[in-house]
Structure formats: structure tokens, C-alpha cells
Amino acid sequence: QEQLDASGGGLVQAGGSLTLSCEASVSIFNRNAGGWFRQAPGKEREFVAQISWNGLSRHIADFAKGRFTISRDVAEKSIYLHMNNLKPEDTAVYYCNTNPPQTIWGQGTQVTVYS
């Protein structure tokens with residue numbers, strides 16, 4: 001199975017934006033929905049967003065609606081999470097995976113939002 005590592009996190013002021021990236025070695029996102037998940041300190045991992053294999057269907061978690069956008073790039077075999085109007089409560093480690101997720105989770109990327 002494919003191990004997917006997220007990148008692009010960092011430190012950002014509240015109200016700012018970040019774009020996270022996830023690239024696969026094969027076009028697994030053309031066969032499975034791509035998904036973004038996050039885990040904040042003291043909390044369980046939660047779903048953030050997903051995009052279908054054909055890119056025609058998207059679903060965004062309630063807390064992210066109107067602020068986050070998920071996209072895909074078939075040629076680069078990647079999915080992205082565009083985060084706008086970030087809030088301190090968005091601080092978490094963000095992970096990418098298929099949705100439903102594969103058993104193995106790769107390296108997440110830290111997003112820290114400060115006031």
C-alpha cells in the first residue's frame with residue numbers, strides 16, 4: 001500500500017492562509033477518494049475534507065466549510081488542501097490519505113495558528 005506524507009505546514013497568524021500538499025508515487029487518488037485529516041493535541045484524529053477519484057465530488061467538514069478547499073492534480077498525482085481564514089483552533093498535525101484511509105498513515109505536517 002502507498003504511504004502518503006503531507007507537507008506545507010507551518011506557523012501562520014490567525015486569518016492567514018496555508019496550502020498543504022500530498023503527492024503519491026502512483027495515481028492512487030485516481031482510484032480512491034483523497035482525504036485530509038487532522039489531529040490536535042489531546043484530541044482524536046478527525047476528518048477534514050475529501051475529493052472523489054474523478055474530482056467531481058467534494059466534501060468538507062462543517063468546521064472548514066467556507067474556509068478550506070480541497071483540490072487534485074492528476075498529472076502530479078497530488079491532492080491539496082487550501083486553508084483560508086485560519087483560526088487558532090485549526091492548530092493540529094494534518095495528514096493525507098485515501099478516504100476511507102489506508103491502514104498505514106504517513107508523515108503529517110504541523111499547522112500552528114496564533115492570534
Side-chain angles (χ1 to χ4, degrees):
Q1 61 182 328
E2 183 78 9
Q3 178 175 303
L4 301 170
D5 298 325
S7 62
L11 182 66
V12 63
Q13 188 173 20
S17 302
L18 282 175
T19 295
L20 307 183
S21 301
C22 178
E23 183 175 347
S25 59
V26 295
S27 300
I28 65 169
F29 296 129
N30 287 1
R31 303 185 300 274
N32 304 275
W36 287 94
F37 307 80
R38 72 182 188 184
Q39 186 167 22
K43 297 183 179 180
E44 297 182 356
R45 181 178 290 137
E46 64 179 340
F47 168 80
V48 177
Q50 73 170 35
I51 185 168
S52 65
W53 67 271
N54 58 11
L56 298 179
S57 180
R58 294 173 172 82
H59 180 66
I60 308 294
D62 287 343
F63 66 80
K65 288 181 178 177
R67 300 190 300 123
F68 294 5
T69 301
I70 186 170
S71 65
R72 57 178 284 161
D73 188 310
V74 175
E76 296 181 2
K77 298 175 289 187
S78 303
I79 61 170
Y80 305 91
L81 183 67
H82 311 276
M83 304 184 293
N84 301 306
N85 301 316
L86 284 162
K87 305 175 181 179
E89 51 263 43
D90 293 320
T91 295
V93 177
Y94 286 71
Y95 301 86
C96 62
N97 211 322
T98 56
N99 193 29
Q102 297 182 8
T103 302
I104 302 299
W105 291 83
Q107 180 70 48
T109 186
Q110 176 71 49
V111 173
T112 302
V113 184
Y114 64 93
S115 300

Seminar exercise, completed: Between the OG atom in Ser115 and the CD atom in Gln13, the distance rounded to the nearest 0.5 Å is 8.5 Å
For this session: Scan for salt bridge (Lys or Arg N to Asp or Glu O under 4.0 Å) pairs involving residues 97-115, sequence neighbours excluded, and state none if there are none.
Result: none
Problem set entry | Sequence neighbours excluded, every pair satisfying disulfide (SG to SG under 2.5 Å) that has a member inside residues 55-115 | Cys22-Cys96
Exercise. Which residue pairs satisfy the disulfide (SG to SG under 2.5 Å) criterion with at least one member in residues 30-89, sequence neighbours excluded?
Worked result: none
Exercise. Does Gln107 CD have over 12 foreign heavy atoms under 6.0 Å away?
Worked result: no
For this session: For Gln39, check side chain to side chain donor-acceptor pair (under 3.5 Å) against everything at least two apart and list the hits.
Result: none
Problem set entry | Partner set under side chain to side chain contact (heavy atoms under 4.5 Å, CB included) for Val12, not counting sequence neighbours | Leu18, Leu86, Val113
For this session: Among residues two or more places apart or on two chains, list those pairs meeting disulfide (SG to SG under 2.5 Å) that have a residue in residues 27-95.
Result: none
For this session: Sequence neighbours left out, what passes salt bridge (Lys or Arg N to Asp or Glu O under 4.0 Å) with Glu23? Give chain and number order.
Result: none
Exercise. Does Phe63 belong to the same Ile/Leu/Val/Met/Phe/Trp/Tyr cluster as Val111, with side-chain heavy atoms less than 4.5 Å apart forming each link?
Worked result: yes
For this session: Quick one: which residue pairs count as a ring-ring contact (aromatic ring centres under 6.0 Å, His included) with a foot in residues 68-92, not counting sequence neighbours?
Result: none
For this session: State which residues pass side chain to side chain contact (heavy atoms under 4.5 Å, CB included) with Asp62; sequence neighbours excluded, sorted by chain then number.
Result: Lys65
For this session: Nearest 0.5 Å please: distance from the CG atom of Leu81 over to the OH atom of Tyr94.
Result: 7.5 Å
Problem set entry | Minimum side-chain heavy-atom gap Met83-Asp90 below 4.5 Å | no
Exercise. Taking only residues two or more places apart in sequence or in another chain, which ones pass salt bridge (Lys or Arg N to Asp or Glu O under 4.0 Å) with Lys43?
Worked result: none
For this session: Determine whether Ile79 and Leu4 make a side-chain contact, defined as any pair of heavy atoms from C-beta on separated by less than 4.5 Å.
Result: no
Exercise. Is any side-chain heavy atom of Ser21 less than 4.5 Å from a side-chain heavy atom of Ser78?
Worked result: no
For this session: Can you sort out the partners of Phe47 under side chain to side chain contact (heavy atoms under 4.5 Å, CB included), two or more places apart, ordered by chain and number?
Result: Phe37, Gln50, His59, Ala61, Asn99
Exercise. Yes or no on side-chain contact (heavy atoms from CB on, under 4.5 Å) for Arg45 and Trp105, after CA distance, side-chain angles and deciding distance?
Worked result: CA-CA 11 Å; Arg45 181 178 290 137; Trp105 291 83; 3.3 Å; yes
For this session: With sequence neighbours excluded, tell me which residues meet side chain to side chain contact (heavy atoms under 4.5 Å, CB included) with Arg58.
Result: Ile51, Ile70
Problem set entry | Euclidean distance, Thr109 OG1 relative to Arg38 CZ, rounded to 0.5 Å | 14.0 Å
Problem set entry | Minimum heavy-atom distance between Pro88 and Thr91, given as atom pair plus value | O-OG1, 2.9 Å
